[in-house]
Trainee: 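Would you mind keeping the following structure in view while I ask a few things?
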Number of protein chains: 2
Amino acid sequence: MIESEVNNLALLLKSISHPIRLQILCLLQTSELSVGEIRKEMQTSGANISQHLNIMRNQGIIASRKEANFVYNRIADQRVIELMKTMKQLFCSIS
Amino acid sequence: MIESEVNNLALLLKSISHPIRLQILCLLQTSELSVGEIRKEMQTSGANISQHLNIMRNQGIIASRKEANFVYNRIADQRVIELMKTMKQLFCSIS
DNA sequence: TAAGTATTTAACTATCAACTTAACTACACG
DNA sequence: CGTGTAGTTAAGTTGATAGTTAAATACTTA
């Protein structure tokens, strides 16, 4: 791994190394969801979720589209979906 | 993923989400190395490397053995080796 | 045992990350 | 228009993280 790759990968990992962000990525593995739909599955404020989504948007991991007054979110990078799959297989009992 | 798995995985990812720690893991992919040998490959102080190694030891990712006055380090968890391989394949041009 | 090498630890400073609250924007619909 | 709902943003507080320096430990060898 060259230096820039190490740095970029560290940034990417940092942006997913938080329980709330990991859980959001799990939820988005199969389908696009609005902020409110994500929120229903988690125990924190909407502001907090919005901030965590923003961290991942800034990293290019999550893309959003607005429809009416809902914002629908999806995983923007297929490699992150693959990475999540691998991590589930390696670190979870039932993936 | 259940809640405890999400939390543990977040801790694990956090402990590798730093350029220095990622680079150390790269170096240790194939062989065990002393702190000094690791240091030669990197641009930071020995104290700093020791601190980063300690973060990964506390997480159970790295195991160390002492021989004479060298401390040899290796990746203690085969799953982390697998994870590194996957990340290289996904995010590096030449893995 | 004294001096040298390898590594760790402690103390400190600076920077960053997370959460809360409240204010704000955007859109829908009566 | 005004009200309600969805989501974002800003400000402030608190706690965590990173790096530097210096001191301490552990071992080796003369």
Side-chain angles (χ1 to χ4, degrees), chain A residues 3 6-28 31-76, chain B residues 3 6-28 31-76:
Chain A
E3 194 182 334
V6 170
N7 291 336
N8 289 337
L9 185 51
L11 287 175
L12 182 133
L13 289 175
K14 211 167 71 161
S15 78
I16 72 173
S17 300
H18 187 286
I20 290 179
R21 299 199 287 273
L22 273 181
Q23 205 186 328
I24 291 174
L25 290 175
C26 281
L27 292 171
L28 297 180
S31 62
E32 181 184 67
L33 293 174
S34 71
V35 180
E37 288 168 330
I38 292 169
R39 192 193 173 174
K40 270 182 235 153
E41 307 296 324
M42 327 218 5
Q43 297 84 116
T44 187
S45 65
N48 194 15
I49 291 195
S50 186
Q51 285 160 357
H52 283 295
L53 282 168
N54 228 17
I55 289 169
M56 296 193 281
R57 283 179 197 130
N58 293 338
Q59 182 62 34
I61 288 177
I62 284 195
S64 304
R65 71 181 172 86
K66 182 154 194 176
E67 188 179 309
N69 51 0
F70 298 92
V71 172
Y72 289 97
N73 302 277
R74 65 184 179 282
I75 298 178
Chain B
E3 195 182 333
V6 169
N7 290 336
N8 289 338
L9 185 52
L11 287 174
L12 182 134
L13 289 176
K14 211 167 71 160
S15 77
I16 72 174
S17 299
H18 187 287
I20 290 179
R21 298 199 287 272
L22 271 182
Q23 206 185 328
I24 291 173
L25 289 175
C26 280
L27 292 170
L28 297 181
S31 62
E32 181 185 67
L33 293 174
S34 72
V35 179
E37 287 167 330
I38 291 169
R39 190 190 175 176
K40 270 182 234 150
E41 307 295 325
M42 326 217 7
Q43 297 84 119
T44 188
S45 65
N48 194 15
I49 291 195
S50 185
Q51 285 161 357
H52 283 296
L53 282 168
N54 226 19
I55 289 168
M56 295 194 283
R57 284 181 198 127
N58 293 337
Q59 182 62 36
I61 289 178
I62 284 195
S64 304
R65 72 181 173 89
K66 183 155 195 177
E67 188 179 312
N69 51 359
F70 298 91
V71 172
Y72 290 98
N73 303 277
R74 67 185 178 281
I75 298 179

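Just so we're on the same page: letters track the sequence lines, and every chain starts at 1.
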Trainee: If we ignore hydrogens and angles and just use 3.5 Å, is the side chain of B/N73 paired with the main-chain N or O of B/S64 as donor and acceptor?
Mentor: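 No; zero donor-acceptor contacts below 3.5 Å.
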Trainee: List the atom of B/S34, the atom of B/Y72, and the distance in Å for their closest heavy-atom pair.
Mentor: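 For B/S34 versus B/Y72, the nearest heavy atoms are N-CD2, 3.6 Å.
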Trainee: Enumerate all atom pairs, one protein N or O and one N or O from nucleotides 18-22 of chain D, separated by less than 3.5 Å.
Mentor:
unit_1 : atom_1 : unit_2 : atom_2 : d
D/dA18 : OP2    : B/R21  : NH1    : 3.4
D/dG19 : OP2    : B/H52  : NE2    : 2.8
D/dT20 : O4     : B/Q51  : NE2    : 3.2

Trainee: As an exercise, state the distance from CE of B/M56 to CD1 of B/I62, rounded to the nearest 0.5 Å.
Mentor: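 So the CE of B/M56 and the CD1 of B/I62 are separated by 3.5 Å.
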Trainee: Can you tell which of A/I55, A/I49, A/N48 makes a side chain to side chain contact (heavy atoms under 4.5 Å, CB included) with A/Q51?
Mentor: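 By the side chain to side chain contact (heavy atoms under 4.5 Å, CB included) criterion, A/Q51 pairs with just one of A/I55, A/I49, A/N48: A/N48.
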Trainee: List for me each residue that meets salt bridge (charged side-chain N to carboxylate O under 4.0 Å, His left out) alongside B/E37, sequence neighbours excluded, and say none if there are none.
Mentor: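 Per chain and number, B/E37 pairs via salt bridge (charged side-chain N to carboxylate O under 4.0 Å, His left out) with no residue.
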Trainee: Side-chain donor-acceptor pairs under 3.5 Å in residues 15-28 of chain A, sequence neighbours left out?
Mentor:
unit_1 : atom_1 : unit_2 : atom_2 : d
A/S15  : OG     : A/L12  : O      : 2.8
A/S17  : OG     : A/L13  : O      : 2.4
A/S17  : OG     : B/S17  : OG     : 2.9
A/H18  : ND1    : A/I20  : N      : 3.1
A/R21  : NE     : A/S15  : O      : 2.8
A/R21  : NH1    : A/H52  : ND1    : 3.0
A/R21  : NH2    : A/K14  : O      : 3.2
A/Q23  : NE2    : A/E41  : O      : 3.4

Trainee: Nearest 0.5 Å please: distance from the CD atom of B/E32 over to the CD1 atom of B/I38.
Mentor: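 Spacing of CD (B/E32) from CD1 (B/I38) equals 10.0 Å.
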Trainee: Which part of the nucleic acid, if any, lies within contact of A/R39, taking any heavy atom under 4.0 Å across all strands shown: a base, the sugar-phosphate backbone alone, or nothing?
Mentor: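 The answer is nothing, as A/R39 stays clear of every strand by at least 4.0 Å.
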Trainee: Which two nucleotides bound the region of DNA chain C that has atoms under 4.0 Å from heavy atoms of chain A, read 5' to 3'?
Mentor: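 Contacts span C/dA17 to C/dA28, reading 5' to 3'.
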Trainee: Can you check side chain to side chain contact (heavy atoms under 4.5 Å, CB included) on A/V6 and A/E3, steps first, answer last?
Mentor: CA-CA 5 Å; A/V6 170; A/E3 194 182 334; 5.7 Å; no
Trainee: Measuring to OP1 and OP2 of D/dA16, would you say a side-chain N or O of B/K14 lies under 4.0 angstrom away?
Mentor: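 No, B/K14 has no side-chain N/O under 4.0 Å of OP1/OP2 on D/dA16.
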Trainee: Round to a whole Å and report the spacing from CD1 of A/I38 to P of D/dG7.
Mentor: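 Going from CD1 in A/I38 over to P in D/dG7 covers 9 Å.
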Trainee: Taking only residues two or more places apart in sequence or in another chain, which ones pass salt bridge (charged side-chain N to carboxylate O under 4.0 Å, His left out) with B/E67?
Mentor: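 If we apply the salt bridge (charged side-chain N to carboxylate O under 4.0 Å, His left out) test to B/E67, skipping adjacent residues, the hits are B/R65.
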Trainee: Any side-chain to backbone donor/acceptor pair from B/N54 onto B/S50? Under 3.5 Å, distance only.
Mentor: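 Such a contact is absent between B/N54 side chain and B/S50 backbone.
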Trainee: What residues in residues 62-71 of chain A put a non-hydrogen atom under 4.0 Å from any atom of DNA chain C?
Mentor: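 A/K66, A/A68, A/N69, in order of number.
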